[in-house]
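Okay, structure first, notes after.
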Amino acid sequence: MSEQIVKAEHLVKRIGGITAVDGVSFSIEPGQIFGYLGPNGAGKTTTISILSTYLPATSGDALVGGFSVRREPLKVKEIIGVVPQEIALYPTLTAMQNLRFCGKMYNLQGSMLDGRCREMLELVKLWERRDSRIEEFSGGMKRRINLAAGMLHRPRFLLLDEPTVGIDPQSRERIFDTIFKIRDDGTTVLYTSHYMEEVELLCDHIAIMDRGKIIAAGTLKDLLKMLGEGGMIELEVSPPGCASGLEEAISRLEDVTGARREENRLFISSVSSARTLAPVMKLVEAGGCEVSSLELYSPNLEKLFIHLTGKELRE
Amino acid sequence: MKKLWYIATKDLLIVAKDRGAWITLLLTPLVVIVLASLALSPIYKGGSLHATLLVSDLDSGGVGKQLVSALAANPNMTVQAATEAESRTLKRAGSTYSLSLVIPEDFSARVEAGSSVQLMVYDDPNSTTSAPFLKGMIEGTVNRFSAVEVAAKVGVAEALNQNPAASAASVAAAAASASSQMANQPIKTSEQPAAGTKPLNTFDIETPGFAVMFLLFGVMIGTEGLLEERDKGTMARLIVAPVPRSSILGGKLAAQFLVSLLQISLLFAAGHFIFNMDTGNSLPGLVLMVAITAYTATAFGLLLAALVKTRRQASAFGVLTILLMSALGGSWWPLDIVPPFMRTLGHVTINAWALDGIKGLILHGQGFFDILPQAGVLFAYGTVCFLAGVKLFRFRNA
């Protein structure tokens, strides 16, 4: 059996004429919360669908708990739990009836089934509402039951597909608490989202996906290093095209770790924004440019995504 | 197998909680069956229709008046005197009629002379019920009226045969006597059910027809439930669980079969206990037909789910197909009254085979072995639908 809980190699999925997943490879260590970050349509859900055996890969393979999703799908199904993006529950049944049904699909019965249902409902803070129909719940409560249904059988590997879409902050906090709790209990989690704040908060390891490909992967610290150790300075200069070669001059300054120009915008990473700002302004002025806007910020995934793709994460 | 049963019980629980489903499954069919049985009772049994006939009597003699009197004597018909123009247009005093009769001027003279005579009947071709009804009654009365005339002539002949030298007065008396006897004692018919048959109860005809139709409509709840499960992600949850696809589909079909079986059984039970519907002489035969009909309807629902992409398509295509099958297959009217080619065409439907078997038991006193051919065809029909449905059904959205 592999030491890694997931090892995906060159996964490709073509749907119609579109390559939704394009040669994706990554691995997840046991006990990690692995973040899968990308805009809508990047291929996150398709990757989860392959790992959960819902969709067959066009090519490539993935081992989940040492079992091939291609050749041993039934064994994979027994060790995974899936929380889909949709509220995959029966609205006219109660919370308890939904959970009992899900548990039976994983061979839970009798007192063990009852115990697990209670444990999960208490974990997502909905034990008191166990006999209410799902259709009577708020969006956030439905999401929490959706999560509970995926965790009921204590899977070794839990796949969460955007589990916080459209919910209130309180429910979001409860879902985060639940995820930390199950991670502490030994479950490995794959968490997809297009909310970079969630991924930054939750995940030990992150892969950033765009247009079917993983464009960066590593720990949060590793990824943010791509933007510089200390901070970022972003300048908008005018007139357009002024001071050609300005970015080269800036990149030679002490403390500056990188400088890039896109038309009239300059992106500068440095060990210390405070120390770097004054010499940068001098060079800009010397080049005959005027500063029309200035922004100082710490590196984050949103900026990294823009840095890597030239577009915002939520586009 | 356990998981198949868990899925089936989950679906049964969902249906049990759905009030709308029970309205479709039981309340609507019962209301329609009662209304149809009460409304169509006169057509099946005859007798209680009543209509008004416009009559223009242009005859100058007395025979025309006798004919009008004879027509007016019919309790199911009101005779309304009219001018010839009114009879031609079927309109009188602001009212419209479906049929009129014009008695010609020389009617008496031609009848007395033994010549042929023609009565003019004007009808509204769009009046599909009362005009044929009135025509039938006019023909009956005229035929009887002719019989009176014939009887009079026979009476005269007999008088002359017995006594060629009889006086004119005695011949006239014989004719009058024969005519009078015929008029007073017209040919009467006495109806009696044939051996092995029984008096008609309209519910015997309407309950099976509409029960089969609403059984198919009931199956659409299952069809839409299957597609909803696929659309809303619960099917995906089942697919990624360690559950064989055969159990997923089997569980859903088992639930639908049980709901269908319950639905048609309850409709027949209501027909029997509330409306005195006959259940025939073979309860095992009826149970077999009901079970196979429920099976075939369930398989039809699966095939429908496999052929459409969305719930909206299922609803539109399903309603159209079920209405067509019901019209062609004898759910709305007995196939005995349709032209032979329509009867043959009707047997492409589930309804026709189901009703052949069920009505054979209920109306014609057939036994278990008599309906095995219909049961066999229906079972084969269901199996073809089932196999095609299993082959074509997509567990994932495209």
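Throughout, protein chains are lettered first and strands after them, A, B, ... in sequence-line order, and every chain is numbered starting at 1.
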Roughly how far, to the nearest 0.5 Å, is [atom2] of [Y] from [atom1] of [X]?
X: D231(B); Y: E86(A); atom1: CG; atom2: CD; result: 10.0 Å
X: I7(B); Y: K104(A); atom1: CD1; atom2: NZ; result: 11.5 Å
X: K232(B); Y: Y90(A); atom1: NZ; atom2: OH; result: 12.0 Å
X: T53(A); Y: I239(B); atom1: OG1; atom2: CD1; result: 8.5 Å

message: Shorter than 4.5 Å, heavy atoms on both sides: which option in V243(B), L238(B), D18(B), I14(B) has the most such pairs with chain A?
response: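 Top option by heavy-atom pairs under 4.5 Å: I14(B).
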Might you confirm whether atom [atom1] of [X] has over 12 heavy atoms from other residues, nucleotides or ligands at distances under 6.0 Å?
X: F393(B); atom1: CZ; answer: yes
X: R14(A); atom1: CZ; answer: no
X: K17(B); atom1: NZ; answer: yes
X: I18(A); atom1: CD1; answer: no

Which atoms of [X] approach chain B - backbone, side chain, both or neither, heavy atom under 4.5 Å:
X: Y54(A); value: both
X: R133(A); value: side chain
X: Q85(A); value: neither
X: N146(A); value: both
X: L89(A); value: both

task: Give me the contact list for residues 247-271 of chain B versus chain A, heavy atoms only, anything under 4.5 Å, ordered by residue number.
output: none
Pairwise side-chain contact, K2(B) with Q109(A), heavy-atom cut-off 4.5 Å (strictly under): yes
message: Using side-chain heavy atoms (C-beta onward) and a distance below 4.5 Å, is M105(A) in contact with K10(B)?
response: no
- request: Grab the two heavy atoms, one from Y106(A) and one from P242(B), that are nearest each other, plus how far apart they are.
  value: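 In this case the closest contact between Y106(A) and P242(B) is CE2-CD, 3.3 Å.
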- request: Would you mind checking which part of E229(B) comes under 4.5 Å of any heavy atom in chain A, side chain (CB onward), backbone (N, CA, C, O), both or neither?
  value: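 Side chain of E229(B) only, per the 4.5 Å heavy-atom cut-off to chain A.
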